[in-house]
Amino acid sequence: MNYNKKTVRDIDVKGKKVLLRCDFNVPMAKDGSGVITDDKRIRAALPTIQYLLEQGAAVIACSHMGKPKGEVKPELSLKPVAVRLGELLGQEIGMAADVVGPDAQAKAAALQPGQILLLENTRFEKGETKNDPDLAKAMASMAEVYVSDAFGAVHRAHASTAGVAEYLPAVSGFLIQKELDFIGGALANPKRPLVAILGGSKVSSKIGVINNLLEIADTIIIGGGMAYTFSAAQGGAVGDSLLEADWKDYSLEMIQKAKDKGVKLLLPVDTVCADAFAPDAKSQVVRAGEIPDGWEGLDIGPETVKLYCDAVKDAGTVIWNGPMGVFEFPAFAKGTEAVAEALSKTSAITIIGGGDSAAAVQQLGYADKMTHISTGGGASLEFMEGKELPGVACLLDK
Ligand code: ADP
Ligand code: MG
């Protein structure tokens, strides 16, 4: 996939109406009060919005929220987002009562340069997730330029994330540009050695990532729950650890493939195991492949931590996806924390992808020490799998 895409800086938006796809899928209070519990995604959209306004564009913003499945669900209205966005920008935001209906059309038509209109939840329209061309055309008809800045949604070919680009010149905003620069750069032309740290819960959810990174990386480090499938495949005892028996053969293939390609593959040499999946479980450190019956591995052990932290010291680039253990339990967060700390100290370009990995780095306090933390969970995984992202592919090449 070509990651070299035109951005808002490469197109003239002065006096034009710009349809801007944002990711305003923010968490809302469960009580239906319309309170936004984390406005990070709204704040993340500000640089692109401010740039467009400064350039003299009229901005028609849109986003999905939740899964209304093509029906109008008042609790998933973007109205609270319009209010919060207005507060952050210090300017009033027009709110349309629909996506492409009469209210949206009238308000978009009347919109002046420097003003912002927010359309209703795109998923109130049945055609959104089906990438219906009629819906895409109707959205596009309100504007003259399409800017996409919803990285969290680029892995989906929906009307507002990809379809509209058929009818308008399409470029990226700053958020997508940054993701393409860092993740795209690390995949296409990494500063070497490239070390990939892969963890998380299941091998089966990371096959694409392992496959793709085996083609690119110099070193691959395996941690987290998926390490036990690798261990079991090699004849190790894993007790009650997370095990995907169906993926044992695959693990062995990956070990062989790494050998054939000259990729260094590091697996845990010891593990912290617990007598239950609980924050206060009894724990002990054992050698990898020697987990006693009735015990389960919940973190990498101290020897493994040393080995893994050493491996990132001289890296040029580190891509990290998947926590090293059950970091949600403080007693089993040590491996993940040690790796985060090692990444914070290396001079390598450090890239974090994956929803839980980003959360772990944030929770452990290392977020501002990383070069780039991807804002898209599923999208960043598919990116690292080397898959074509429809919401990126549809943008104009540089
Ligand atoms: P990401 O969202 O970053 O791609 P994943 O969703 O693959 O990451 O994995 C995150 C989850 O993996 C975390 O909730 C963590 O508790 C779990 N996990 C990590 N190690 C283990 C383990 N040894 N046993 C069970 N779960 C684990
Ligand atoms: Mg996850």
Side-chain angles (χ1 to χ4, degrees), residues 151-152 155 179 183 196-213 220-232 236-245 247 251 267-279 281 283-286 288-292 294-302 304-305 308 318-340 343 350-364 366-367 370 372-385 387:
F151 182 72
H155 56 314
E179 300 277 357
I183 305 183
I197 307 174
L198 303 176
S201 46
K202 292 178 171 174
V203 182
S204 56
S205 67
K206 296 297 162 77
I207 298 154
V209 180
I210 302 175
N211 272 341
N212 190 41
L213 289 174
I220 292 196
I221 291 174
I222 303 276
M226 68 164 138
Y228 305 105
T229 298
F230 279 84
S231 175
V238 297
D240 292 338
S241 304
L242 241 184
L243 170 67
E244 291 178 287
W247 291 96
S251 308
L267 291 162
V269 292
D270 59 354
T271 186
V272 180
C273 59
D275 64 351
F277 187 86
S283 74
Q284 60 171 323
V285 175
V286 299
E290 297 180 12
I291 299 176
W295 293 69
E296 58 191 294
L298 296 186
D299 198 6
I300 53 175
T304 308
V305 163
Y308 289 6
V318 183
I319 297 182
W320 183 14
N321 168 247
M324 294 292 98
V326 182
F327 72 96
E328 295 92 337
F329 300 160
F332 305 100
K334 291 195 187 88
T336 303
E337 172 146 32
V339 167
L343 258 59
T350 48
I351 294 167
I352 318 296
D356 292 293
S357 310
V361 168
Q362 229 114 35
Q363 185 188 310
L364 296 168
Y366 291 94
M370 304 300 166
H372 178 65
I373 300 179
S374 179
T375 53
S380 70
L381 273 192
E382 293 200 16
F383 202 165
M384 290 184 284
E385 288 173 6
K387 278 198 191 150

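Counting starts at 1 for both ligands and their atoms, in listed order.
Not counting sequence neighbours, the partners of Phe329 by the ring-ring contact (aromatic ring centres under 6.0 Å, His included) test are Phe277.
Residues in residues 196-206 take part in these side-chain hydrogen bond (donor to acceptor under 3.5 Å, both in side chains) pairs, two or more places apart or across chains: Ser204-Glu244, Lys206-Asn321.
When side chains are defined from C-beta on, Val361 counts as touching Trp320, because their heavy atoms get closer than 4.5 Å.
For the residue pair Ser374 and Glu179, a side-chain donor N or O sits within less than 3.5 Å of a side-chain acceptor on the partner.
Around ligand 1 you find Gly200, Ser201, Lys206, Gly224, Gly225, Tyr228, Leu242, Gly297, Leu298, Asn321, Gly322, Pro323, Gly325, Val326, Glu328, Gly354, Gly355, Asp356, Ser357, each with a heavy-atom distance below 4.0 Å.
For the atom pair Leu198 CG and Ile319 CD1, the distance stands at 8.5 Å (nearest 0.5 Å).
Between the side chain of Asp270 and the backbone N or O of Thr304 there is at least one donor-acceptor pair closer than 3.5 Å. The closest donor-acceptor contact from the side chain of Ser380 to the backbone of Gly354 lies under 3.5 Å. No side-chain donor-acceptor contact under 3.5 Å links Tyr308 to the backbone of Gly223.
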**Prompt:** Could you walk me through whether Met370 and Ile351 pass the side-chain contact (heavy atoms from CB on, under 4.5 Å) check?
**Reply:** CA-CA 7 Å; Met370 304 300 166; Ile351 294 167; over 6 Å; no
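Legend: protein N/O/S atoms lying under 2.8 Å from the Mg ion (ligand 2), waters omitted, number 1.
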